[in-house]
Amino acid sequence: MSVKLQTPIDYLKGVGPNRADLLRKELGIHTYQDLINLFPNRYIDRTQYYKINQLQKSNADVQVIGKIIEFKEVAQKQGKRLVATFVDETGTMELVWFRGQKWIREGLQLNKPYVAFGKTNWFSGKFSMAHPDMELLEEHEKNLRGAMQPIYPSTEKLSNRGISNRVIIKIMQQLFLETGGKFAETLPDSLRSELKLMNKSSALFNVHFPKSQALLSKAQFRLKFEELFYIQLQLIIKNLMHKSKIKGFPFKHVGHYFNTFFKTHLPFELTNAQKRVLKEIRADLGSHAQMNRLLQGDVGSGKTIVAFMSILMALDNGFQACLMAPTEILSVQHYNGLLELCNKLNISISLLTGSTKTSIRKQIHETLENGELQVLIGTHALLENKVKFQNLGLAVIDEQHRFGVEQRSKLWKKGQTSPPQSSYGEQAKTIRKKFMTARPSTYKLLMELQAENKKHSTQAEAILWECLRNKKLDHKFRRQHIIDEFIVDFINLEKNLIIEVDGGHHNTIEQKEADNLRTQILNEIGFSVIRFTNEQIIGDIDNVLRYIANRLESLPSGEVGGATIPPHILVMTATPIPRTLAMSVYGDLDISVIDELPPGRQAIKTVHRYDKNRLNVFRFIRDEIAKGRQIYIVYPLIQESENMDYKDLMDGYESISRDFPMPDYQISIVHGKMKPADKDFEMQRFIKGETQIMVATTVIEVGVNVPNASVMIIESAERFGLSQLHQLRGRVGRGAEQSYCILMTGHKLSSDSKTRLETMVKTSDGFEIAEVDLRLRGPGDIMGTQQSGILTLKIADIIKDKALLQLARHHAKTILKRDATLSSPENGVILNTYKQMGKYKNIWNYIS
Ligand code: ADP
Ligand code: MG
């Protein structure tokens with residue numbers, strides 16, 4: 001059987017150019033392979049037929065046997081609809097088409113038994129079915145292959161253009177006919193027998209044409225496993241590549257700062273989770289690879305102290321460290337918290353934000369660059385170009401979801417102050433002059449040859465450039481790049497690798513000498529040079545590329561004048577990304593989880609109250625304030641209706657001011673439109689306990705720590721997302737007192753809103769909340785998921801198939817652990833499949 005699965009779908013019998021076009025546009029099906037991977041959404045039992053008087057108002061898919069006794073056209077707002085009266089011996093229903101009436105009507109016969117299949121609607125006392133699948137009973141009986149009929153994903157356009165589910169089934173059958181139903185196995189035998197997985201051909205057959213529920217389940221299990229397995233494999237390989245490629249500063253020892261802090265200043269016993277995470281971080285920092293770790297921990301789980309102790313590890317090894325937080329308030333808070341600890345240890349620490357005064361800013365820049373300043377805390381002001389570290393060893397990013405990936409990568413580049421591109425100028429000139437004096441004639445020839453080369457661009461160069469330009473090697477090359485006086489053929493600036501192609505005219509000993517001299521000079525300036533002849537390139541370009549790839553792999557990243565090694569990165573987030581998702585999305589980050597709160601925390605009591613109960617709520621606030629507590633009242637702020645939101649906020653503030661009048665009560669207000677200084681002033685008043693109530697928008701969502709605040713009131717709670725509600729609630733419950741969270745809403749609530757509120761009342765486990773959030777919103781809305789393959793899953797379901805995902809990951813890991821390059825014959829099938837998935841380029845680099 002030699003039908004290629006890469007054959008364009010047009011060639012399949014019964015498809016043709018029009019249908020092929022639709023399949024491409026609507027379902028992304030280009031080839032036989034794509035079609036085979038179009039998996040049914042669900043299955044229906046097609047041995048089950050309903051009588052019209054048995055129909056339920058449940059909007060389910062059903063089959064009804066009956067006859068059309070009449071067609072009529074009914075005018076409606078736009079155009080008309082076609083309505084058929086469909087009867088069986090028990091009653092009457094309507095079949096309705098809004099489009100394609102002409103050919104539908106022509107294709108259907110009156111008074112013949114049909115099977116109508118579709119969703120029923122109950123409308124003005126009658127059942128109807130819109131755009132049903134119609135099949136003559138006679139045909140239907142002939143075609144019936146199994147009890148389980150697949151229902152394929154479809155779009156409105158497809159069904160309007162006559163590509164019904166039945167048509168897709170027919171096309172699928174044709175595909176199995178043409179291919180003989182034989183498909184190459186994509187999982188190794190050992191894995192299949194270990195997990196008792198169905199073979200590929202049977203799995204595909206049974207998923208499209210299941211004979212029984214049992215076979216279908218086995219087929220689905222196998223295909224889901226395969227899908228998740230290859231995604232995990234890819235992520236793990238990415239992670240391994242990262243580790244093998246990116247060098248990091250090894251923090252060899254734990255020293256004075258860490259030990260002193262641990263022994264004498266640590267204000268509490270670390271939780272077991274904190275200890276475990278610190279160990280994980282310690283292991284990363286001690287290795288020669290760059291750490292890239294995500295630290296997840298619910299609000300209040302004590303991430304800050306972990307960050308601080310990691311910072312101490314950097315300082316102990318003579319490096320600087322920084323901590324970046326998303327808001328001014330939060331950076332100030334971190335600064336104040338850490339300042340105290342740093343003072344005890346005699347560590348220099350500064351704060352840099354948008355509102356730092358110029359004079360102080362200047363001083364920070366200076367001391368940072370000369371190494372006097374050890375720790376810098378701040379907002380994204382840290383990312384500015386002017387901020388240069390002498391030797392940044394660790395960057396901590398707090399509350400990652402407020403920062404983009406781009407910002408993370410900006411921090412990377414702050415590794416070591418590396419000289420700007422042009423700075424090898426002076427140094428290069430000196431080196432060149434040295435050689436010019438030492439070997440004048442060769443040097444002269446060298447310059448002549450260079451002029452010559454410039455004129456003749458050879459075919460070999462063109463071939464190589466074509467490959468390099470198209471990123472065959474995953475690294476960016478420039479052509480004809482100027483280094484000092486030299487024009488080099490190709491250069492990769494990340495690895496400082498130059499590739500030179502010798503034209504046909506470098507034959508004499510003198511010329512070879514000149515070439516050598518050139519290499520020598522370039523080496524001394526700081527580049528590696530590889531030379532190829534025309535013949536080598538034209539003769540076996542693949543070999544040449546492999547050679548270059550090997551060299552790239554063996555070279556450290558860096559710039560001339562000292563390698564830039566990126567700092568270790570620790571990203572902290574309290575937005576609990578469900579473990580399952582995190583694992584599959586952040587394949588390139590290692591993940592640590594603090595899954596334990598410090599002891600002695602009291603659970604926050606959470607309730608939902610309607611606006612009409614406001615008076616009770618206010619009474620409660622008054623009581624709490626009388627006990628010396630402080631209160632947050634938070635209003636939603638949603639970009640699109642910003643002005644209205646501010647109106648709500650200000651109205652709320654006024655009404656609260658009336659109910660809680662001065663001088664008995666003091667109220668702070670903080671929102672995003674205030675100047676940072678004013679915001680800070682108000683915030684500080686609240687922190688110091690001078691005000692009892694803080695009215696705010698979500699600016700206080702992240703990280704703010706006022707242990708005496710014990711009540712969180714969230715206005716219009718139905719307008720907040722779950723993770724935001726959870727974050728807000730995390731602002732209270734930080735002290736010893738019983739804390740409360742009150743979710744205020746209007747009376748009318750959507751079912752999603754209800755679920756959100758119920759979840760909040762029911763649980764305070766951030767991960768559980770995240771799972772519900774994921775279910776409600778789908779993975780598309782959760783940050784970071786866009787980049788991963790997880791959204792385009794064809795058969796598996798990230799939520800329902802959690803356990804399977806774990807299994808797949810486990811096996812992918814085990815296999816890579818045993819055979820990192822997938823080069824054993826046993827794993828050949830994996831490597832092959834992986835290659836075909838278009839991942840070859842990456843793994844090839846990794847392997848070589
Ligand atoms: P988050 O993870 O939300 O950033 P923080 O680091 O702000 O949490 O910690 C919340 C509070 O818990 C802080 O006041 C901190 O001092 C305290 N804390 C942290 N770890 C412990 C611990 N092991 N035992 C007791 N309190 C702790
Ligand atoms: Mg925090």
Side-chain angles (χ1 to χ4, degrees), residues 258 261-281 293-312 321 323-327 329-344 375 377 379 396-403 570-577 582 591-604 630 632 683 686-687 689 698 700-710 712 723-737 739 741 764-767 769-770:
F258 189 96
F261 178 74
F262 191 76
K263 282 186 202 128
T264 33
H265 302 299
L266 190 60
F268 35 67
E269 166 106 15
L270 294 174
T271 63
N272 287 330
Q274 284 170 322
K275 283 182 198 159
R276 186 189 63 235
V277 167
L278 267 169
K279 256 188 211 145
E280 287 163 354
I281 292 173
R293 189 168 278 282
L294 177 71
L295 173 54
Q296 286 198 63
D298 215 339
V299 276
S301 61
K303 295 184 292 294
T304 316
I305 202 77
V306 170
F308 182 67
M309 291 173 80
S310 310
I311 288 175
L312 294 181
L323 190 161
M324 184 166 78
T327 63
I329 292 175
L330 202 51
S331 342
V332 171
Q333 194 175 292
H334 272 312
Y335 175 71
N336 290 336
L338 298 188
L339 181 62
E340 215 175 301
L341 302 175
C342 282
N343 282 343
K344 286 183 191 154
V375 181
I377 312 286
T379 55
V396 182
I397 307 176
D398 196 15
E399 307 298 349
Q400 142 95 359
H401 63 302
R402 292 296 186 89
F403 293 109
L570 180 65
V571 172
M572 304 197 292
T573 176
T575 307
I577 303 150
I591 297 175
S592 292
V593 181
I594 304 186
D595 49 8
E596 181 186 356
L597 292 180
R601 293 281 166 82
Q602 290 194 46
I604 300 165
Q630 288 168 285
Y632 291 106
M683 201 63 221
F686 188 66
I687 291 171
T698 46
I700 61 140
E701 170 192 338
V702 176
V704 172
N705 191 18
V706 182
N708 191 48
S710 62
M712 166 62 66
S723 68
Q724 226 178 357
L725 290 174
H726 180 65
Q727 285 289 316
L728 286 169
R729 178 168 59 185
R731 296 311 107 218
V732 296
R734 308 193 141 234
E737 306 304 328
S739 291
C741 174
S764 57
D765 177 345
F767 286 105
I769 288 173

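As the structure lists them, so they are numbered: ligands from 1, and atoms in each ligand from 1. Here, residue 1 is the first one in the sequence, and each next residue gets the next number.
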Separation between CD (Gln333) and CD1 (Ile377), nearest 0.5 Å, reads 12.0 Å
More than 12 heavy atoms of other residues, nucleotides or ligands under 6.0 Å from CZ of Phe262: is that the case?
-> no
Side chain, backbone, both or neither: Glu269 near ligand 1, heavy atoms under 4.0 Å | backbone
Can you tell me if Glu737 and Ser710 form a side-chain donor-acceptor pair at under 3.5 Å?
-> no
Per-residue contact class, Asp298 against ligand 1 - non-hydrogen pairs under 4.0 Å = backbone
Which of the atoms of ligand 1 are close to Thr304, meaning less than 4.0 Å from one of its heavy atoms?
-> 4 (O), 5 (P), 6 (O), 7 (O)
Side chain Glu596, main chain Ala273, donor-acceptor under 3.5 Å = yes
Is there any N or O on Gly297 that sits under 3.5 Å from an N or O of ligand 1?
-> no
What atoms in ligand 1 come closer than 4.0 Å to a heavy atom of Leu270?
-> 23 (N)
Heavy-atom contacts under 4.0 Å between Thr271 and ligand 1: side chain, backbone, both, or neither?
-> both
Does atom CD of Glu340 have more than 12 heavy-atom neighbours from other groups under 6.0 Å away?
-> no
Arg276 side chain vs Val593 backbone, donor-acceptor pair below 3.5 Å | yes
Return yes or no for this condition: an N or O of Gly302 is under 3.5 Å from an N or O of ligand 1.
-> yes
